Every structure is written in C-alpha cells, then in structure tokens.
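Heads up, the thing below is written out as structure tokens.
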Amino acid sequence: MSTVPRLRFAPSPTGYLHIGGARTALFNWLYARRYGGTFILRIEDTDQGRSTPESLQAILDALGWLGIDWDEGPGKEGKAGPYFQTKRLDTYREHAEQLIRAGHAYRCYCTPEEIRARRAAVEKASGEGTYKYEGTCRNRTDAPAGMPSVVRFKMPSGPGTVVLQDKVLGTISKEYSDLDDAVLLRGDGIPLYNFGCVIDDHLMDMTLVGRGQEHVNSTFPQLMLYRAFGWTPPEMAHFPLILGPNREKLSKRKHPEADVMLHKQTGILPEALLNFVVRLGWSHGDDEVISREQMKEWFDFDHVGSVSGVWNPEKLLWVNQQWLKQLDPAVVAARLVPFLEAKGFRVWEDGRRLARLVEALRARARTLQEMAEMAGYFFSDGVVVDEKAAQKHLGAESKAVLAEVRAALEAAGGWTASGLDEVVKQVSEKLKVGMGKVAQPVRVAVTGNTASPGIGETLELVGREQALKRIDAALARA
RNA sequence: GUCCCCGUCGUCUAGAGGCCCAGGACGCUGGCCUUUCAAGCCGGUAACACGGGUUCGAAUCCCGUCGGGGACACCA
C-alpha cells in the first residue's frame, strides 16, 4: 500500500452527534491514525431545512470531547476543500451537466406533486416502498427552456449487476432492475446525498469510505455513479449497527442514550465511552479495557464484525469505573469539579486533596455523577445523622468508645489517613473491642451513615476541625 | 411488500474444519478478604436458531427454514 489512506466522517448538522455517528467517526479516525493517513471532516449540510449552526457546533463539541481530531475540515482548510457541501454547489452542478452530456443523466420535469401522486397510487395498490420512477422524462425534448427540472441518473435498463466488495461484509451484489433513476440534483440545484457524497468522496480523494450498515443499499447507486464518471470507487466498509434495548437501530427519537453529550452530563468519561463503543462491533481478542493509544495501534477492519450490537448500559458503567480507577486521580478530580459545583458544594482549592477524594471514592462510584452524590459529607458543615444508623452505632456504649476516639484524635500528631487509621486501631486495642465497634460509631458520627471509604481516609478528607466537631455533635445527642 | 445484511451464553464478544462436550467480559450468583460500603481475588450460572447436506471430522463450508435488523424521498 503505497498511497496514504484518506478517510472521512461526513455528518449532517441536523442534531446532536449520536452514538452511531461517533462510532463511525471513531472507526474511520482510528484507521487513519493507525496507518498514518488523513482524517477529513466533511459537513453534509445540504438539507437546508434541518441543518443548523447549533447542530454543527454540537457535533464539533462532541468530537472534541471524545478527542477525535481531523486533519482537514472545518477550521482546517486543505487542498480538497471547501468541506461544507453548501459551498460546493457549483461543483455538483458542473458534474451533473457532465453526466447529462455523456448521456448518463437527464432532466426530469415531473413536479414533486406529480411524483407524490404516482407514488401514492402505486403504493396504495402494491404496498409501501414499491414505487419506482418510470423514466417518463428520459427522452423528453419538448420542455420549454427554463421549465423547472431535477437531474436524474439514467440507470442501465438491461440486465446487469452492481457488485460491492465490502471490507467487512464481503461481496454483495444488486440487480440493475432493483434500482431506478434516482434524483441527483434537486430543482433548486442542491445535490442529494448519493450524488454529493460520490462527487466529494472522489474529489477529496478518499481511499476508504466507512459508514454504518444502513447505507449499504445506497452504495449501489453510488457505485453506478462512479462507473458513469469513469472513476475508481474508494474501498468500502459497512459497520454493524448499534441497537437500542428494543433491538431497533439506536435513534435520537426513541433512545436518549444515543446522545453522546448526554453521557458527559451523567459523568461518563470520554475514555470510557470510546472504549465501550469501540467494542460494539470490534474486538481485539479478550481485551476489554482499551485505551485510545491501544485502539490506534490495534484497530483494523478485519476484526470488525457484521452483527449489530445492543447498547448495554450496565457494561458502560463498568467500563467507566475501570477508567475512573485507572486514570490519574488528578485528572479525574479536575473533571469531577463541575459535578461537585453543580451540587452546590464549596469545592476545595487544594488539588491534592481533591485527588485524594477521587482515590477514596473511585472504587465506590461508577460515574462522576455518583461520585459527586456520595461526596456530600466531605463538603458540608456538620452532618445530618441517619436515625437508623445512630440507633445502631451511637448507643451509650458506643458513645463511650467514641469519646475515647475523640480524645485520641485530638491528641494525634498529624492528620493523615494512615496515621488516623492507626489511632482508631490503638483505641480498639486499648479498649479490647473489635475494630467494628470503634470505626462504625466514628463513621456514623462523621459521615452520618454506615458506609464510607476507609475510616482513616474519611477522617483525613473531612478534616480535623469538622471531624472533631461532628463527633462532639454525635456525643451530645440525646 | 420488494431488496439487502445478519443469526455463539440475557448482553458485548473470542472462534477463520480438528487446539471447542466452545474461551473472555458485563449482569446475576456462592465464597474469600474486611472496621462499613465498595473494590479486589477465587468459584458458579448460561450459548454455537433449526433442518438437511459436504467431510474421517463443522460453531466454522453449502442449501433450505425460521427469526432479527436495515433500506426503499426533490432526508442524510
């Protein structure tokens, strides 16, 4: 392989970036990165009605959050630009003309209303999706100049087959008779997807087009276009779909989890989302926790499966916790801060202390959101003690132990987890009672509940002043 | 309806004719560890859709059936 691979992701800015799109982008990006290729971001904004600048920004933001960067595209002009289809309209028009001159396309003067009516009639009789354009305008010469028209492709009418060599699905073919004269250019001169896509993929010099399986059928008319132009089509790879819990294609309408940025809000790490998503349809032996670097090193299409996969939220959560545990605590801490602030906590300035907090909570939380939820008692002034917990661990006997701990704590030299653990242990030895009898009352007094990180780290993070204050409050309870 | 793709534990998957009476992971579950809750460690649960071939031998190849999904626009 001597040519440099060129791959692209070509979203249309008609909503947020969804999971399926993110994975398509990821696969293409990984392949480009692995083989030293170029990754292009092309914006297919030809749907005037639905494309919005907000959507474009949302997609750019989501790709940025995931760490998927591009070499050519918005903000990175290159030789093959512009990268917005609406800025390439002349190009499409010229190519449509070229096709007409060559006899591979023609103007069709049927109005949308006429087509709609015919479609309705046919489908009423034979069922949905049975309508095919009849080719009425193929040889029409009586149309007055300036009459509104679209440009249609002229499908070969005899018997024949288009063959797709797909990098993941293998060989697939389609009979000419299953295709019809598709519209290339609309009445307003704006290209349809199948046309703009082919022109751009060729002109932008794509060597490989990877996209979701929902596009396999549309690649046949595209292949016909390449042939009509005399162009060599890029390699093709169609990825399995990602299905929702109801086993239908993950869609924005039915599945809120299809929104990439929703996961940022719920406290999923980009590393984890990427990890989870790359494993939907691709694998590397038994590896489960895979870093971006490893993906770039290992990814290839021969291990992309052809079976659609179901979104599994439980596993996403598990993967996320793995990343919570293996990323640098300081990095996780920085990402945790907004979640803490959202809960109204006065977040510590001390970065090291925050990192310690992450170390204490990361084995207990699966998301940043959960982490923030269980961090309340580290930031509050005083604490509300759960009644059941108090009943169990703050009885008269326990209070005597607690008083003993308080004295030892106050006398303690430093205020570090290991030292504090030692203090608690010594009290248990001195009083000849089990650690549970000592640590639990302290835990309830300091956190208000029966579950928390190790007693030493809990005390350290709560802080000396707060810890003593809360123990006093517990001791003073009736 | 027509065309296209797909079919290994509930889910994600390993598996490219003998290494598989099928391996890993999530989940569920038993135990260990333990000051709590987690985490961790050890174990268990559970699958080659079905029926025919081909072959000495099939989860792997072929055919059929059934099942699931996708596509059928002057959307992308």
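None of the values given here were measured: they were computed from a predicted structure. Convention: sequence-line order gives letters A, B, ...; per-chain numbering from 1.
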Exercise for the section: Specify the separation, in whole Å, of atom CG of A:L361 and atom P of B:C37. Expected result: 16 Å
Handout entry: Presence of A:K325 side-chain N/O under 4.0 Å of B:A38 phosphate oxygens OP1/OP2
Key = no
Handout entry: Residues forming a salt bridge (charged side-chain N to carboxylate O under 4.0 Å, His left out) with A:R356, sequence neighbours excluded
Key = A:E359, A:E460
Exercise for the section: Verify the contact: side-chain N or O of A:H303 to OP1 or OP2 of B:G15, cut-off strictly under 4.0 Å; return yes or no. Expected result: yes
Practice task
Could you state the atom-to-atom distance from CG of A:D286 to C1' of B:C26 in whole Å?
Solution key: 14 Å
Practice task
Check the distance between B:U34's P and A:M435's CE and give it to me in whole angstrom.
Solution key: 12 Å
With the criterion being N/O to N/O and under 3.5 Å, what pairs connect the protein with nucleotides 11-13 of chain B, and how long is each?
unit_1, atom_1, unit_2, atom_2, d
B:U11, OP1, A:R247, NH2, 2.3
B:C12, OP1, A:V310, N, 3.0
B:C12, O2', A:R279, O, 3.1
B:U13, OP1, A:G281, N, 2.4
B:U13, O3', A:S283, OG, 3.3

Practice task
With sequence neighbours excluded, give me every side-chain hydrogen bond (donor to acceptor under 3.5 Å, both in side chains) pair touching residues 388-402 of chain A.
Solution key: none
Exercise for the section: Run the ring-centre check on A:W311 versus A:H18 and record whether the distance is less than 6.0 Å. Expected result: no
Exercise for the section: Assert yes or no for the condition that the ring centre distance of A:F299 to A:F301 is strictly below 6.0 Å. Expected result: yes
Problem - Pairs meeting criterion ring pair (Phe, Tyr, Trp, His ring centres under 6.0 Å) with involvement of residues 179-200 of chain A, two or more places apart - result: A:Y193-A:H215
Completion exercise
Of the candidates B:G70, B:C74, B:C3, the side chain of A:E248 sits closest to B:G70
Exercise for the section: Ignoring backbone atoms, establish whether A:R107 has a side-chain N or O less than 4.0 Å from OP1 or OP2 of B:C74. Expected result: no
Exercise for the section: Sort out the partner of B:C72 for me: Watson-Crick or G-U wobble, both distances under 3.5 Å, none otherwise. Expected result: B:G1
Handout entry: Nucleotide paired to B:C21 in any strand shown, Watson-Crick or G-U, under 3.5 Å
Key = none
Practice task
Please determine, for B:U55, whether a Watson-Crick or G-U wobble partner exists with both distances under 3.5 Å, and give it or none.
Solution key: none
Problem - Side-chain N or O of A:T130 closer than 4.0 Å to phosphate OP1/OP2 of B:C72 - result: no
Exercise for the section: Return the value, rounded to whole Å, for the distance between atom NZ of A:K392 and atom C1' of B:C37. Expected result: 12 Å
Handout entry: A:W298/A:H284 aromatic ring centres below 6.0 Å
Key = yes
Practice task
Quickly work out the A:D200 CG to B:A76 P distance and round it to whole Å.
Solution key: 12 Å
Problem - Atom NZ of A:K437: over 12 foreign heavy atoms under 6.0 Å - result: no
Exercise for the section: Examine the side chains of A:R443 and A:S452 and answer whether a donor and an acceptor come within less than 3.5 Å of each other. Expected result: yes
Problem - Atom-pair distance (CZ on A:R364; P on B:A38), nearest Å - result: 10 Å
Problem - Who pairs with B:U65 - Watson-Crick or G-U, where each distance is under 3.5 Å - result: B:A49
Problem - NZ/NE/NH1/NH2 to OD/OE distance under 4.0 Å, A:D201 and A:R42 - result: yes
Using a cutoff of under 3.5 Å, can you pull out all pairs of nitrogen or oxygen atoms linking the protein to nucleotides 58-62 of chain B, with atom names and distances?
none

Practice task
Just jot down the salt bridge (charged side-chain N to carboxylate O under 4.0 Å, His left out) partners of A:D181, sequence neighbours excluded, or say none.
Solution key: A:R138
Practice task
Could you check how far CG of A:N275 sits from C1' of B:C26, rounded to whole Å?
Solution key: 12 Å
Exercise for the section: Return the value, rounded to whole Å, for the distance between atom CZ of A:R366 and atom C1' of B:C37. Expected result: 14 Å
Exercise for the section: Please give the nucleotide sitting opposite B:G10 as a Watson-Crick or G-U wobble pair, both distances under 3.5 Å, or none. Expected result: B:C26
Completion exercise
Applying the 3.5 Å cut-off to both distances, the Watson-Crick or G-U partner of B:C37 turns out to be none
Problem - Under 4.0 angstrom between A:R50 side-chain N/O and B:A76 OP1 or OP2 - result: no
